[in-house]
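Note sheet for the following structure.
Chain naming here is simple, since letters A, B, ... match the order of the sequence lines and numbering starts at 1 in each. Note that the structure is predicted; figures quoted are calculated from it, not measured.
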Protein chains: 2
Amino acid sequence: MNIGEVAAQTGLPAKTIRYYEDIGLITPKREANGYRVFARTDAHKLAFLARARALGFSIEDCRNLLALWEDRSRASADVRAIANEHLSEIEEKITGLTAMRDTLSELVRDCAGDNRPDCPILKGLEGA
Amino acid sequence: MNIGEVAAQTGLPAKTIRYYEDIGLITPKREANGYRVFARTDAHKLAFLARARALGFSIEDCRNLLALWEDRSRASADVRAIANEHLSEIEEKITGLTAMRDTLSELVRDCAGDNRPDCPILKGLEGA
DNA sequence: CTTGACCTTCCCATGACTGGAACCCTTATG
DNA sequence: CATAAGGGTTCCAGTCATGGGAAGGTCAAG
C-alpha cells in the first residue's frame with residue numbers, strides 16, 4: 001500500500017502520516033524506488049492513531065497507548081490511567097469554555113448591536 | 001511605570017507585554033536608558049487585552065476590539081459581530097469536547113482497570 | 001565596590017501539523 | 001519518443017501565543 005491509499009483509508013492526510021513516521025510512531029518499509037510501503041499492521045496503527053487523536057489524546061499519549069496496545073501483557077489499569085487523566089483535562093477545558101461562553105453571552109445579550117457607539121461588551125472588557 | 005509594575009497590575013507576564021508591543025498592540029514610550037515607560041493608557045489597554053484574551057478572543061480579534069474601543073464613533077454592531085462569531089466558535093469547541101468526553105467516559109467506565117490485559121478502551125480505539 | 005533586582009535584545013522551542021518548492025517515478029497519450 | 005498528469009520524495013518555513021534562557025546594560029542599597 002502506498003501513502004495515498006492508506007491516507008484515504010484512515011482519513012489522515014499524507015503529510016500527517018509522514019510526520020508520524022518522522023516522530024517514530026510508525027516505521028513503514030520502503031520500496032526500491034524510495035516509496036513507503038504500508039503493511040496491514042501499519043494501516044491498523046494509523047487507524048488507531050486517528051481515533052485516539054480524534055478523542056483528543058496528545059501525541060505522547062498516543063505513543064504510550066500504542067505501546068500498551070501492542071503489549072499483550074499490559075495491565076488495563078495503565079490504559080485507564082492515561083484515559084482518566086485525559087478525561088479530566090477535557091473536563092477542565094469544558095469548564096473553562098463554559099465560563100467563557102456564559103460571560104460572553106451575557107455581554108452579547110446586553111449589547112444593542114446597532115449604529116450607536118454605546119457597547120456593554122467593550123465596557124465589560126474595559127474593567128470589572 | 002516600568003514593565004514589572006504593569007505586569008503585576010495586569011497579571012500579564014512581562015514577556016507577553018513585550019510581545020504585544022512587538023506585534024503593534026501597544027506602543028509604550030522609552031526612557032533614556034531604553035526602559036519601556038507605560039502611561040496610564042498603556043496600562044488600560046493591557047488590562048483590556050488581558051480580559052479579552054481571558055475570554056478566548058484571538059490576538060487578531062483583540063486588535064480589532066481594541067480599535068473599536070478607541071473609536072468613539074464605532075457602531076456597537078461591529079463589536080457584537082466579533083463577539084458573536086467568537087461565541088459560536090466557543091460553542092463548537094464545547095460541543096466537540098463534550099462528544100469526546102462522552103465517548104471517552106463510556107470507554108473508561110467499561111474498563112476494569114486491573115492487572116489483566118483485556119481493555120475496552122483499547123478495543124474502542126482499535127476499531128468501531 | 002559589589003550584589004541583586006531590575007531591564008534590554010536575541011534566538012530557540014513548543015504541538016501538531018500545513019504549505020510550498022524542487023525534484024523523482026510511473027503510466028498513458030499524441 | 002517526448003511529454004503531461006498524477007503519484008511519490010525531501011527539506012524548509014510558517015502557524016499561534018507565548019515561554020525559556022543567554023548575554024548584557026541599569027540602578028539602588030549596603
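The distance from atom CD1 of I23(B) to atom P of dT15(D) is 12 Å, rounded to the nearest whole Å. In this structure, the CD atom of E21(A) is 14 Å from the P atom of dG8(D), given to the nearest Å. Look at OH on Y19(A): it is 18 Å from P on dA13(D), rounded to the nearest Å. What separates CD1 of I17(B) from P of dC6(C) is a distance of 14 Å, to the nearest Å. Separating the CD atom of E31(A) from the P atom of dC24(C) is a distance of 18 Å, rounded to the nearest angstrom. Atoms CG (L12(B)) and C1' (dG19(D)) sit 14 Å apart, rounded to a whole Å. When rounded to the nearest whole Å, the span between CD1 of I59(A) and P of dC17(C) equals 5 Å. One interatomic measurement links the two molecules: CE of M1(B) to P of dC6(C), which rounds to 16 Å at whole-angstrom precision.
Within the 4.5 Å cutoff, the side chain of R53(B) has no heavy atoms near those of the L12(B) side chain.
Counting any heavy atom pair closer than 4.0 Å across all strands shown, R53(B) reaches sugar-phosphate atoms only and no base atom. Within 4.0 Å of I3(A), counting heavy atoms only, lie sugar-phosphate atoms of the nucleic acid but no base atom. Among the heavy atoms of the strands lying under 4.0 Å from R36(B) are primed sugar atoms or P, OP1, OP2 only; no base atom is included. Contact annotation for Y20(A): backbone-only contact, meaning every heavy-atom pair under 4.0 Å involves sugar-phosphate atoms and none involves a base.
At dC27(D), one or more side-chain N or O atoms of N33(B) fall inside 4.0 Å of OP1 or OP2 (strictly under the cut-off). In this model, the phosphate group of dG19(D) is approached by a side-chain N or O of T16(B) to a distance below 4.0 Å at OP1 or OP2.
The side chain of K15(A) lies closest to dT18(C) when the candidates are dG20(D), dT18(C), dT9(C). Nearest nucleotide to the S58(A) side chain, out of dC7(C), dT9(D), dA16(C): dA16(C). Across dT9(D), dT8(C), dT18(C), the shortest atom-to-atom separation from the side chain of R30(B) is found for dT8(C).
Donor-acceptor pairing under 3.5 Å, judged by distance alone, is present between the side chain of Y35(B) and the base of dG25(D).
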Practice problem: Could you please spell out the steps behind the side-chain contact (heavy atoms from CB on, under 4.5 Å) verdict for K93(A) and K93(B)? | Solution: CA-CA 9 Å; K93(A) 275 191 197 166; K93(B) 274 190 197 168; over 6 Å; no
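Within the structure, the ring pair (Phe, Tyr, Trp, His ring centres under 6.0 Å) test picks out the following pairs touching residues 28-56 of chain B (sequence neighbours left out): F48(B)-W69(B).
More than 12 heavy atoms of other residues, nucleotides or ligands sit less than 6.0 Å from atom CZ of R30(B). Within 6.0 Å of CG on N115(B) lie no more than 12 heavy atoms contributed by other residues, nucleotides or ligands.
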